[in-house]
Amino acid sequence: MTSRMRRTQALPVLSAVPATTADGGGPGTGFWLGVVPVTVGEYWDYLCSAAADPAPRADPRAHGFPPTPGVGIRCVGGRLALDAADLDLPVTHVTWWGARAYCSWLGEQLGRVTRLPTAAEWEHAAGGGRGLRWALGDAFDRPLYAPEADGPRPVGSTPSNAFGLRDLTGNVFEWCADELVVDGPDGPVGGLGSRLLKGGAFTVRNPSSFENTTSFSADELTAVPYIGFRVLVEDAATASD
Amino acid sequence: MRQIDKQSLSVTVPGCGFNLIEFGARTFEMGFPERAFRAAPVHEVTLDAFLLGDRCVSAGDFARFLADTPGAVDHMMIDCVDPGFFVHRAAGFVLRPGCADFPMIQISFWAAAAYCNWLSDAEGARRVYDVAARTVDYTADGFRLPTEAEWEAACRVGWGAAPAVDPDLHNSLDAGSRMAAMRAGVSLAGNFSSAEPTPVPVTAPVPDAAGLHHMLGNVREWCQDRFGPYRSDPVSNPHGPAEGSFRVVRGGSYGEALATMSAVSRLAAFEGTRCEVYGFRVARSAGNLVTVAG
């Protein structure tokens with residue numbers, strides 16, 4: 001039996017991303033972004049705080065954890081179990097809707113508007129104010145970003161960028177708020193049920209797949225070991241202007 | 001039970017959308033003198049009789065395998081990022097609507113091997129692949145990927161060694177309007193865009209002279225062999241180098257120019273690659289056809 005509550009509730013650590021930067025770009029409004037993707041430990045504490053039961057339950061709209069160990073949370077017989085050695089893995093197998101629900105819950109804890117970043121906000125943050133191709137520079141450092149792996153590695157495995165953010169390039173893709181829009185025969189088509197992904201993952205190899213400006217997308221209900229997410233907390237001072 | 005039509009030498013595999021075409025034993029000149037095709041030198045190859053899928057394994061075919069054997073394909077063997085015909089949700093792999101007839105893509109060499117094993121199990125044949133150990137048993141009688149020599153011999157029946165020329169017969173970068181009208185992007189199937197080249201269904205309006213569909217164009221096809229240089233000596237039933245992690249892929253894809261596609265053109269792909277331009281068709285040694293009914 002997994003111990004349900006841990007001693008202190010883990011919440012994401014945030015770093016400030018300024019509005020406009022040396023490259024002249026930027027979203028016009030500063031924001032706070034998770035230093036690393038939301039971890040297994042943080043997501044587990046959320047699940048426990050939201051659940052009335054002894055152990056959190058499966059919820060296919062929000063997450064689809066595998067029955068076997070390896071990604072930190074397992075689903076056995078409809079009940080979730082924590083693998084305590086894997087608290088620092090980025091939480092994966094969480095759908096876009098599950099990631100949104102986590103953001104809403106966190107927003108209530110913080111008293112701030114909390115959501116997934118847009119792809120543009122993510123790119124701005126990952127570019128470090130200088131429009132870098134990858135999170136830490138304009139050269140693709142494969143051993144650093146994308147060592148050979150068949151699963152996620154713990155968060156914080158790469159150094160901080162100029163905004164104090166880690167792990168933007170590589171390890172797991174990160175859900176963004178934006179819906180996929182594709183070119184149809186008669187113009188752009190949305191409503192396809194997919195959302196944008198950023199950052200690359202252990203499942204891809206091509207350096208271009210990891211570039212800050214590259215976006216992929218996946219079905220909103222996707223639950224896989226190579227997609228996680230990080231939170232964006234809006235800047236209250238600016239938002240109230 | 002397998003049914004064989006002796007006139008066309010076509011074998012139906014129950015539950016699958018493809019048939020198997022028998023190619024008799026043969027000796028042929030393999031390769032091409034021009035270096036650009038990575039297919040020099042021309043050399044003599046002798047093959048035993050073999051069976052080859054008349055079309056690529058479709059997403060619908062693969063869906064039956066995934067549903068039948070949960071856990072046989074892990075996330076390092078299949079990719080579920082767009083565009084693609086499968087998504088992976090809490091309950092497992094899901095075939096997207098309107099996608100069943102398109103080729104199975106986004107799968108590694110070993111996912112294709114796992115599918116072949118599933119067919120072997122269904123037919124009571126011995127598995128060719130140990131997917132966990134990443135080994136191949138060439139003496140096993142089950143389903144497998146075609147060797148590149150088998151693939152080339154079969155493709156030469158329909159197309160000779162010359163580059164493809166008709167834009168409406170091959171789904172290439174240069175596809176004509178009739179071919180382009182069948183593309184996944186037209187209906188946004190698999191979240192493919194209509195602004196870019198995309199796959200067409202595995203069944204062509206007209207198969208080639210050997211009865212094969214889309215050998216040239218549509219998707220690159222995983223072959224059994226590891227990639228290696230040709231030698232000039234005659235060889236019998238070659239299956240490539242013993243070491244390495246790059247496999248031969250054949251036939252070109254919707255993303256390549258028509259003029260690059262031919263029975264002799266070769267490419268190498270890292271065997272773990274999961275990409276929307278890689279698919280496969282199955283093969284089997286015809287000498288293993290010992291339980292033919294009728």
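Quick note on labels: first sequence line is chain A, next is B, and so on, each numbered from 1. Computed from heavy atoms alone, side chains included, the values below leave out hydrogens, waters and symmetry copies. Just so it is clear, the structure is predicted and the values come from calculations on it, not from any experiment.
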Between Cys80(B) and Ala218(A), the two heavy atoms sitting closest are O-CB, 4.3 Å

Scored by heavy-atom pairs under 4.5 Å with chain B, the best of Val182(A), Asp183(A), Leu192(A), Asn206(A) is Asp183(A)

Distance col, row Asp150(A):CG vs Asp74(B):CG, nearest 0.5 angstrom, shows 8.0 Å

Whatever's closer than 4.5 Å to a heavy atom in chain B on Phe173(A) counts as side chain

Heavy atoms of other groups near Arg178(B) CZ, more than 12 under 6.0 Å: no

Of all heavy-atom pairs linking Ser194(A) and Arg96(B), the shortest is OG-NH2, 3.3 Å

Taken to the nearest 0.5 Å, the spacing of Asn191(B) CG from Asp219(A) CG works out to 8.0 Å

Rounding to 0.5 Å, atoms CD1 (Ile227(A)) and NE2 (His75(B)) come to a distance of 10.0 Å

- Task: Taking the side chain as every heavy atom from C-beta outward, state whether Thr203(A) and Arg274(B) have any atom pair closer than 4.5 Å.
- Result: yes

Applying a strict 4.5 Å limit to non-hydrogen atoms, the region of Val81(B) in contact with chain A is both

Closest non-hydrogen contact found for Gly184(A) with Leu188(B) is CA-CD2, 4.0 Å

Note: Pro185(A) and Ser194(B) closest approach over all heavy atoms is N-OG, 3.1 Å

Heavy-atom nearest pair, Gly64(A) first then Ala90(B), reads CA-CB, 3.5 Å

Bottom line for Leu221(A): the part with an atom under 4.5 Å from chain B's heavy atoms is both

